[in-house]
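The structure appears right after this line, and notes come after that.
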Amino acid sequence: MEALKAAGHRPYGRAFERTGSLADIRAAFAEGLSVRMAGRIVAVREMGKSIFAHLQDGTDKFQIYVQKNTLGEEPFAAFRRLDIGDFIGVCGELFVTRTGEQSAKVHRWELLAKSLHPLPEKWHGLQDVEIRYRRRYLDLIANPDVRKVFNARSRLLSFIRRFLEARGYYEVETPVLQTLAGGAIATPFQTHYNALGQAMYMRIAPELYLKKLLVGGYDKVFEMGKNFRNEGLDRSHNPEFTALEIYEAYGDVKTMMRLVEELISSAAQEICGTMLVGKEEQEKVNLTPPWRVVSYHDLVKEHAGADWFERPVEAVREWGRAQKLDIPDTMTHAQVTHEVYDKLIEKTLWQPTFVTRLPAELVPLAKRCEDDPSLVDVFELVVRGRELCPGYTELNDPLDQRARLEEQAAGDASKLDEDFLRALEYGMPPAGGMGIGIDRLVMILTGEESIRDVMLFPQMKTREPKPDETPEE
RNA sequence: GGGACGGUAGCUCAGUAGGUAGAGCACGAGCCUUUUAAGCUUGUGGUCGCGGGUUCGAGCCCCGCCCGUCUCACCA
């Protein structure tokens, strides 16, 4: 670096006017054309009095050719002192090499930014998953396929907004910092607001605010943003994750099924160019509508026998144990049934499947089915053996809602969102609602197995001792 | 939280029986004017995750801890 400075090169340059991105230049390639281009040096092949190198920017990779007698003694010597990883801008003339590669012969170059660290190895890339997640910028430089996943994610967010706006849904923003974290059953992150001297929580779901907007006269709303849940980390859970929630007045669970089916299948078409998604080595997921719709009861009967719901509780417990499930004698018939669904059936639903009419005790915040009050009018969309998206006919009876929330709060009145209940008392139109885990949707569209591979900066444990560590436990 | 596996140069990895720490890439020096994982010669580079133990001697064996991956559990 000192040698470069001594030779009159600024190690960190300023804006560099380009003819276009590397992809632009490739698209407009014509032999003899003069161009200005810039990028990071990712490969160098030195051959005495001439050098080949590759520049990379956010769009493409392009070969440049540096000749001693084109450039002159000193600029050529300075170029040789550059390292892989440095950013440079070049002026040059396009040509095609003997081997047929489109290239640019460099007339002048300037250093735009010096890299002080060596880049990961060019052939194997960066393999260490820990470094890939902790220092994603290196992963993005070294492993070009990673960029494809995040480009797909970016286009998905954009597509969802266009899709919903075109159908008359308003995108809204509701508080992330809340005095009461409602709308789901989960442990929130707690923080402290100095100005008010009070505890605050990061939201676990936007649901209650969005329903208040239905009361306020919005017929079709959605919000796409981060939720935060104070839970463990694994292949499908990150403490902060992106959720899309949609509510539609005068609709119900069927409205939502049609909407999500169209939304996801057309997203696949737009982003993947096909409705058959997933990686080559695994069974593809076929998102072509219509998707299978099956009730929870039928599904259980299909797997465990048509007389399942007529069998005595001892018999179903025995059956479950024979399937190597852990079934204590205290389990009710309904609990055994759900254990069977959860552990044995759900994982078999690889292709998109709407599981409908769930037992009411599993989903306390949805409306009951009119023909059977023991069931609720909901769906769970299951893809690749995992729940992707729940949808409800929303409960709009303020008295029923209060009773169920009170039961859930277990006598702790401070956990009741009184303003939400008051809003319902003003009247909320019947509505359908649903939530999609965007991270999991990206996993399905890209075929990735881990949520960490679809989040740019997944949560990782701190390596240094935690500064505020308290000696509990 | 339990179990299995892993952590060696900036990166990708090898390391025999417990006996001086290795290769390729990257980086430095030299040769080479159409190469593309360029090539050839040569050099620099190490807290072997951290701490303790056994041993004359530990990358390797033992114990504890940290981080990661998978998996089970918890959690929706």
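Numbers restart at 1 for each chain; the letters A, B, ... are given by sequence-line order, proteins then strands.
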Have a look at A:Y65 and say if it touches a base, only the backbone sugar-phosphate, or nothing, with a 4.0 Å heavy-atom cut-off. base
Between B:A9 and B:A21, how far apart are the two P atoms, rounded to whole Å? 15 Å
Per-nucleotide protein contact string for nucleotides 70-75 of chain B (B base, S sugar-phosphate only, - none; heavy atom under 4.0 Å): SS---S
Between A:R18 and A:D57, is there a salt bridge with N-O shorter than 4.0 Å? yes
Between A:M443 and A:R386, is there a side-chain heavy-atom distance shorter than 4.5 Å? yes
With a 4.5 Å limit on heavy-atom distance, are the side chains of A:E387 and A:E346 in contact? yes
In residues 345-357 of chain A, which ones come under 4.0 Å of RNA chain B, going by heavy atoms? none
Residues at least two apart in sequence or cross-chain that pass side-chain hydrogen bond (donor to acceptor under 3.5 Å, both in side chains) with A:K279, listed by chain then number, are A:E448
May I have the step-by-step check of side-chain contact (heavy atoms from CB on, under 4.5 Å) for A:L375 and A:Y296, ending in yes or no? CA-CA 10 Å; A:L375 304 177; A:Y296 181 80; 6.0 Å; no
Using the C1' atom in both, what is the distance from B:G6 to B:G49, to the nearest Å? 11 Å
In plain terms, say whether A:D252 and A:K367 are close enough for a salt bridge, that is, a side-chain N and a carboxylate O under 4.0 Å apart. no
The criterion is side-chain contact (heavy atoms from CB on, under 4.5 Å); which residues satisfy it with A:A334, sequence neighbours excluded? A:T332, A:E361
Is the closest basic N to carboxylate O distance between A:R292 and A:E302 below 4.0 Å? yes
Gap in Å between the two C1' atoms, one belonging to B:C74 and one to B:C63, rounded: 29 Å
Take atom C1' in B:A17 and the same atom in B:A58, then report the distance between them in whole Å. 13 Å
Could you measure between the two C1' atoms, the one in B:G51 and the one in B:C72, and give it in whole Å? 30 Å
Once the angle between the rings of A:W109 and A:F79 is folded into 0 to 90°, is it parallel (under 30°), tilted (30 to 60°) or perpendicular (over 60°)? perpendicular
side-chain contact (heavy atoms from CB on, under 4.5 Å) against A:D83, all qualifying residues, sequence neighbours excluded: A:D86, A:K114
Expected list for residues 66-73 of chain A near RNA chain B, using heavy atoms below 4.0 Å, is A:Q67, A:N69
Residues in side-chain contact (heavy atoms from CB on, under 4.5 Å) with A:T97, at least two apart? A:F52, A:Q63, A:F95, A:T99, A:E101, A:S103
In numerical order, the residues of residues 43-59 of chain A whose heavy atoms come under 4.0 Å of RNA chain B are A:R45, A:E46, A:M47, A:G48, A:K49, A:S50, A:F52, A:H54
Listing for RNA chain B: consecutive Watson-Crick or G-U pair runs of at least 3, distance cutoff 3.5 Å, ranges ordered by first number, gives B:1-7 with B:66-72, B:10-13 with B:22-25, B:27-31 with B:39-43, B:49-53 with B:61-65
Is A:E93 salt-bridged to A:K105, going by a charged N under 4.0 Å from an acidic O? no
Suppose you measure atom C1' in B:A4 against the same atom in B:A73; what distance do you get, rounded to whole Å? 15 Å
Does the pair A:R321/A:D329 count as a salt bridge with the N-to-O cut at 4.0 Å? yes
Work out how far the P atom of B:G24 is from that of B:A14, and round it to whole angstrom. 16 Å
Set of side-chain contact (heavy atoms from CB on, under 4.5 Å) partners for A:R80, sequence neighbours left out: A:E46, A:I51, A:F76
Can you tell me, in whole Å, how much space there is between the C1' of B:C25 and that of B:A38? 14 Å
Nucleotide of B:A38, B:U35, B:C67 approaching A:R134 most closely (side-chain heavy atoms): B:C67
Close side-chain approach of A:V340 and A:Q323, heavy atoms under 4.5 Å: no
In the 5'-to-3' direction, what one-character label does each nucleotide of nucleotides 8-13 of chain B receive under the scheme B = base within less than 4.0 Å of a protein heavy atom, S = sugar-phosphate only, - = no such atom? --SBS-
Whether A:D400 and A:R404 form a salt bridge (side-chain N of Lys/Arg under 4.0 Å from carboxylate O of Asp/Glu) is what I want to check. yes
Would you please name every residue forming a ring-ring contact (aromatic ring centres under 6.0 Å, His included) with A:F457, sequence neighbours left out? none
